[in-house]
Structures are given as C-alpha cells and as structure tokens.
Amino acid sequence: MRAMRKSSLGDILGIGVILAVAVFSLLLLVAPSIIVLIISFDTRAFVSFPPEGFTLRWYAEVFEQGELVGAMWTSLKVGLMVTLLCVALGVPTALACVRGRFRGTTALSVFVLLPHMVPGIVLGVAVLFAGALVGVSPSIWLQAISIAVFVMAVMVRTVQSRLMRLDAALEEAATNLGATSFQALRTITFPLLLPAILAGAVFTFVEGFDNLSVAIFTHGFRDRPLPVELLALVQYTSTPLVAAVSGVQILLAVLALAVVARTIGLDGVNE
Amino acid sequence: MSAVADIPAPRSGLFDQVLDKLLSGRGIWPAVPAIVVLVVVAVIPFAILLSLGFSDVEVARGAIVSQDFTLTHLAGALTDPLYWITFQRSLSLALTTTALCVLLGYPVAYMFVIGGKWTRRAILILTIAPLLTSGIVRTYAWLVILGGRGVVNATLMNLGLIDQPLRIMNTHWAVLIGMVQIHLPVMILPLIAVMARHDGGLLEASANLGASRLATLRTVILPLSAPGIGTGAALVFTLSYTTFVVPQLLGGGNYLNAATMVYEQVVFSLDWSKGSVSSLILMATCLIVLVGIALLTNLATRWTKGRAA
C-alpha cells in the first residue's frame with residue numbers, strides 16, 4: 001500500500017501547471033506538421049488557412065516537377081552512400097574502441113566523435129575550401145563523404161554502447177571451440193549488433209537525406225539535394241507545392257519511425 | 001605434428017584469413033580506414049580553414065601561391081560593428097532558445113517519468129517524429145502559421161479580434177518561435193534518457209517517506225536530471241547558434257545571424273578570408289558557451305551530491 005502523500009493546494013497547482021506546459025509542448029511539436037498536411041490538400045493556389053477544398057493536385061505536381069524528383073533521387077543516393085560509409089567505417093571503429101587491446105582506445109573514441117562536435121556549416125566550409133585547393137570540386141561524392149564524416153559519431157556511439165553490454169565471453173567461447181576471430185565476429189557478435197547497426201543506419205540515412213548545413217557547401221551544382229532545392233523553393237514560391245513535398249517527407253518520417261519501432265523499439269533510440 | 005593439427009582447420013578463403021589476422025590481434029586495424037577518412041575529410045580541411053583565417057592568401061589555379069601569417073582578417077572582423085551585432089544577436093537568440101527549450105521540455109520529460117506505458121509511448125513518438133522530418137519542412141510550417149494569411153492571423157480575424165493582419169513573419173519573434181519548436185525534441189530526448197534511468201523505486205521511496213509530488217520533483221528528480229539538462233542545452237545551443245534555415249526563412253532578407261553571414265561570405269561574396277575568420281569565430285564562441293554549460297552542469301551535479309551526502 002502506498003503511504004499518504006502530503007498534498008497541499010500548492011502542490012496540486014504546481015503539478016497542474018507543469019502538466020499543462022507539457023501538454024502545450026507536445027501540441028507545439030505536432031501542430032505545425034498537421035497544419036502543413038492540411039494545407040497540402042487545399043485547392044487554392046496560395047497558402048492560406050483554413051483550406052477551401054480537397055485536391056491531390058499539388059502531390060501530382062511534385063512528381064511532375066523534374067527538379068524536385070531529381071533532387072529526391074539525389075538525396076536518396078546521398079542517404080544510401082552516407083549509410084554505407086558509416087556502416088563500413090563506423091562499425092569496425094566501434095569494435096576497435098571497445099574490444100581493442102591497444103593504448104589509446106579512449107583517445108580513438110574521442111577522436112571519432114570530434115567532427116560531430118564541430119558545427120555542420122564550419123565542416124562544410126572547411127571541406128569546400130580544402131577541396132578547392134587540391135582541385136576537388138563539389139559533387140555528390142564530396143557531399144556524401146563529408147556528411148558521413150559528420151554523422152559517423154552517431155553510428156560509432158550506438159554500436160559502441162550495444163557492444164559494451166555484450167558479453168565478450170561469447171566470442172571467446174567461439175574462438176576456444178575453434179572458430180577464427182572473423183568467424184566468431186560474423187556468426188556471434190555481428191547478429192547481436194544488428195539492431196544497433198540498424199538504428200545507426202536509420203539515423204545516418206535521415207541525416208544524409210536531409211542534411212543542409214554540410215550539403216549546402218559541398219553538393220554538386222548539377223545534382224542539388226532535396227534540402228537545398230526545398231530551401232530555394234520555399235523562398236521563391238507561395239503555392240502549396242512545398243506543403244505537398246512536406247507531406248511526402250512526413251510520410252517518409254512515419255515510415256522510418258515504424259521501421260525503428262519494429263526493429264529496435266522506440267526506447268532503443270534513446271540509448 | 002602436434003595434436004592441434006588433427007582438428008580440422010576452419011575452411012576459409014584468403015579474404016577471411018586476412019580479416020582474421022587483423023581482428024585476432026585486437027589492434028587498432030579495424031579503425032584505420034575511418035581514421036584515414038577523418039584525417040583527410042575533417043582534420044586537414046579544418047587545419048586549412050584555420051590557416052586561411054590567419055594568412056594573406058593568394059590563390060591561383062586552385063593552389064595557394066603565397067601565404068603570410070597575418071592578423072588583419074581577425075582584426076578586421078573584430079573592429080567591424082556588423083560582426084558584433086550579428087554575433088551578439090545570434091548568441092542571445094541561441095541562449096534564449098536554449099532557456100525556453102529547457103522550460104518547455106522539462107515538463108514533458110517529467111510527464112514521461114510519472115506516466116504510464118501509453119503516455120511514454122506517445123511522448124516518444126511525438127518527440128522523435130519531428131526529428132525525422134526535414135528542418136525546412138518544419139520551418140515552412142511556421143511560414144504557413146505566422147504569415148499574413150496564415151493560421152494565426154486568419155483565426156484572429158475570423159474572431160473579429162483584429163481587422164488588419166499582424167506582422168509576425170520577418171520579426172525576431174518569428175525566428176524565436178521557429179527555433180524553439182524545431183529544437184525542442186533535441187532537449188527532450190536527453191532529459192528522458194537521464195530521468196528514465198532512475199525511475200520507479202526512487203519515486204516510490206520518496207512518496208513513501210511522505211514527500212509531496214512537488215517536493216519529490218524538487219528534491220529527487222530535478223537534481224538527478226542535471227546532466228540531462230546539460231546535454232540537451234549543449235545540443236540545442238549548438239544547433240540553434242549555427243543554423244541558417246530558420247533565420248533565412250522566418251527572419252526575412254535583413255535578418256543576419258552568424259550562420260547566414262558565413263553562408264553569404266562563402267557562397268555569394270566568395271571571400272575566403274572573411275569566410276574562414278567568421279567560421280572560426282563562430283566555432284570559438286560556440287566552444288566557449290559549451291564549456292560554460294559543461295562547467296555549470298558539473299557544478300550543479302556536485303552541489304546536489306553535496307547536499308544529498
């Protein structure tokens with residue numbers, strides 16, 4: 001049985017205010033997205049509220065606009081490239097940080113996290129200048145690799161924290177039974193790490209798809225990614241077209257969320 | 001032949017054997033590719049940025065032809081009132097954003113701690129979903145809401161409270177509202193992560209000892225969540241100090257903040273020296289505030305521990 005709480009009027013009021021603020025904050029978080037979704041179906045050619053009618057015209061227009069579809073493809077490619085790079089470079093790094101028996105494992109972990117501490121635009125400017133000096137001009141490759149360097153910390157940290165909670169004895173047992181280190185890694189450790197790698201993959205993909213701060217300095221001029229294209233579009237158009245692009249992105253976000261919830265659980269995000 | 005040879009060796013190709021050699025030593029090898037990439041794409045570029053800010057550079061055909069150490073660019077920036085106004089504005093905007101995010105985010109995290117399974121799930125979904133949506137999309141939403149014919153103005157006019165649309169867009173307020181809403185999730189998540197670690201028993205114990213909810217919040221939950229506030233504040237500050245989406249879209253053409261200034265110097269004026277110096281000042285000021293936040297967090301944690309002892 002619970003002991004009696006000493007509840008005074010002040011207590012109830014205080015908690016009431018706190019909960020009211022919490023509900024306000026949560027509404028503030030979703031309201032804008034919901035309003036954009038509503039606008040995206042409006043029949044009028046200018047943005048206004050409340051909407052007058054229902055149409056899918058703006059969604060159709062999104063897919064008719066060559067630049068927008070092209071930008072989506074570019075961002076999709078960048079997202080995949082960033083994810084692949086982060087898996088290929090980040091997972092082995094996390095392994096070395098946690099399971100390595102060399103001096104400087106801590107230094108290594110800190111070193112890998114550093115690029116993520118530098119503001120994105122500073123990294124973007126730095127890569128642009130350095131590239132120009134050695135004759136590497138902005139391109140989809142430069143964009144992907146600099147974003148990957150920027151977010152690799154997320155992958156390393158996620159895999160690292162999972163790895164630290166795995167029992168190293170599992171691998172040792174496997175090697176004692178005659179498996180090579182690589183076999184032990186492939187058949188024992190890797191499957192156990194998969195949820196963490198997936199979580200990292202979702203976030204690095206989203207970052208690659210949607211990064212503006214690094215991408216705006218490093219993207220190729222022939223292949224503009226979606227955020228850069230969208231920024232220009234928002235500045236120079238006033239139709240619900242952007243709302244429709246937003247609608248597509250919100251749908252993608254819900255999908256990503258579902259993937260996360262299914263594979264690692266929502267709590268896993270916050271580790 | 002030793003007995004070991006009788007055990008059939010695991011069948012593996014050359015690729016597997018090489019990988020095995022690299023892994024079994026537990027050396028630094030698996031991290032080498034990442035280190036190389038980080039050095040080439042982050043360390044060297046950053047060193048170049050630093051050197052460009054402090055030198056008179058002549059660039060010809062993509063290579064530096066002459067380079068002399070100088071402080072003129074830095075001095076030029078420090079004596080230019082535009083820099084002072086811009087950085088001051090960015091700093092105060094980012095700090096206000098951070099403070100507001102703590103005030104709005106903390107109650108959500110508290111609700112997560114005291115809430116049941118469904119409350120928790122709802123809070124997580126509502127917090128993570130916006131993070132997966134583009135920052136531009138979320139900023140655009142504020143254009144729709146705060147604009148001349150936007151939600152706020154339309155509602156107020158329909159209610160007959162005003163007969164001319166209020167000018168909210170392209171003001172400091174619009175930028176602040178957008179900043180807070182966009183960065184709020186980044187504050188809530190670390191708070192939840194820290195607070196969820198101490199759930200259950202501790203709250204129960206406090207209640208059993210007769211503490212009111214408010215007293216439990218003040219004496220138990222708040223002190224324990226100091227590191228979460230620190231992490232969240234550091235993230236929100238960095239992001240809001242260095243973003244250019246929100247000021248660009250909600251602040252209008254004349255609203256210059258540190259990030260938009262860097263962008264204009266680099267992309268429009270093509271002024272490498274100015275771009276380098278601004279980037280470096282941006283980073284240095286950011287670092288100073290981050291150290292400040294870390295020290296404050298440390299102090300708060302130690303103070304509460306001292307009180308508990």
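Just the heavy atoms: all of them, side chains too, but no hydrogens, waters or symmetry mates, feed the values below. Every chain is numbered from 1, with letters handed out A, B, ... down the list of sequences.
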Tell me, for [X] versus chain B, whether the close heavy atoms (under 4.5 Å) come from the side chain, the backbone, both or neither.
X: A/L128; answer: side chain
X: A/P227; answer: both
X: A/L28; answer: both
X: A/I35; answer: side chain
X: A/V206; answer: side chain
X: A/F24; answer: side chain
X: A/F150; answer: neither
X: A/I15; answer: both
X: A/A148; answer: neither

Does a side-chain heavy-atom distance below 4.5 Å link [X] with [Y]?
X: B/I188; Y: A/L29; value: yes
X: B/V39; Y: A/F111; value: yes
X: B/L184; Y: A/S25; value: yes
X: A/P32; Y: B/I145; value: yes
X: A/L233; Y: B/Y140; value: no

Under 4.5 Å, counting heavy-atom pairs only, tell me which of [options] racks up the most with chain B.
options: A/I250, A/L252, A/I145, A/I34; answer: A/I145
options: A/A22, A/G131, A/A88; answer: A/A22
options: A/L212, A/I39, A/L95, A/V30; answer: A/L212
options: A/L19, A/V36, A/I216; answer: A/I216
options: A/N211, A/V245, A/V127, A/T105; answer: A/V127

Less than 4.5 Å to any heavy atom of chain A: does that hold for the side chain of [X], its backbone, both, or neither?
X: B/V43; result: side chain
X: B/L104; result: both
X: B/P33; result: both
X: B/S276; result: both
X: B/I136; result: side chain
X: B/F46; result: both

When heavy-atom pairs shorter than 4.5 Å are enumerated against chain A, which of [options] gives the highest number?
options: B/A42, B/S134, B/S279, B/A141; answer: B/S134
options: B/T242, B/L239, B/L235, B/L290; answer: B/T242
options: B/T133, B/L49, B/V151; answer: B/V151

* To do: For B/F244, check ring pair (Phe, Tyr, Trp, His ring centres under 6.0 Å) against everything at least two apart and list the hits.
  =>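 Partners of B/F244 by the ring pair (Phe, Tyr, Trp, His ring centres under 6.0 Å) criterion, ordered by chain and then number, come out as B/Y263.
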
Write down the atom of [X], the atom of [Y], and the distance for their closest heavy-atom approach.
X: A/L257; Y: B/A129; value: CD2-CB, 4.1 Å
X: B/G135; Y: A/D210; value: N-OD2, 3.5 Å
X: A/V21; Y: B/L103; value: CG1-O, 3.9 Å
X: A/V23; Y: B/M111; value: CG2-CE, 4.3 Å
X: A/L108; Y: B/A31; value: CD2-CB, 3.6 Å

Rounded distance (nearest 0.5 Å) linking atom [atom1] of [X] with atom [atom2] of [Y]:
X: A/L89; Y: B/L38; atom1: CG; atom2: CG; answer: 8.0 Å
X: A/L231; Y: B/T139; atom1: CG; atom2: OG1; answer: 9.0 Å
X: B/L143; Y: A/Q235; atom1: CG; atom2: CD; answer: 9.5 Å

* To do: Decide side chain to side chain contact (heavy atoms under 4.5 Å, CB included) for B/V266 and A/F129; before the verdict, give the C-alpha distance in whole Å, the side-chain angles of both, and the deciding distance to 0.1 Å.
  => CA-CA 9 Å; B/V266 171; A/F129 285 171; 4.1 Å; yes

Kindly list each side-chain donor-acceptor pair under 3.5 angstrom involving residues 116-126 of chain A, sequence neighbours excluded, with atom names and distances?
none

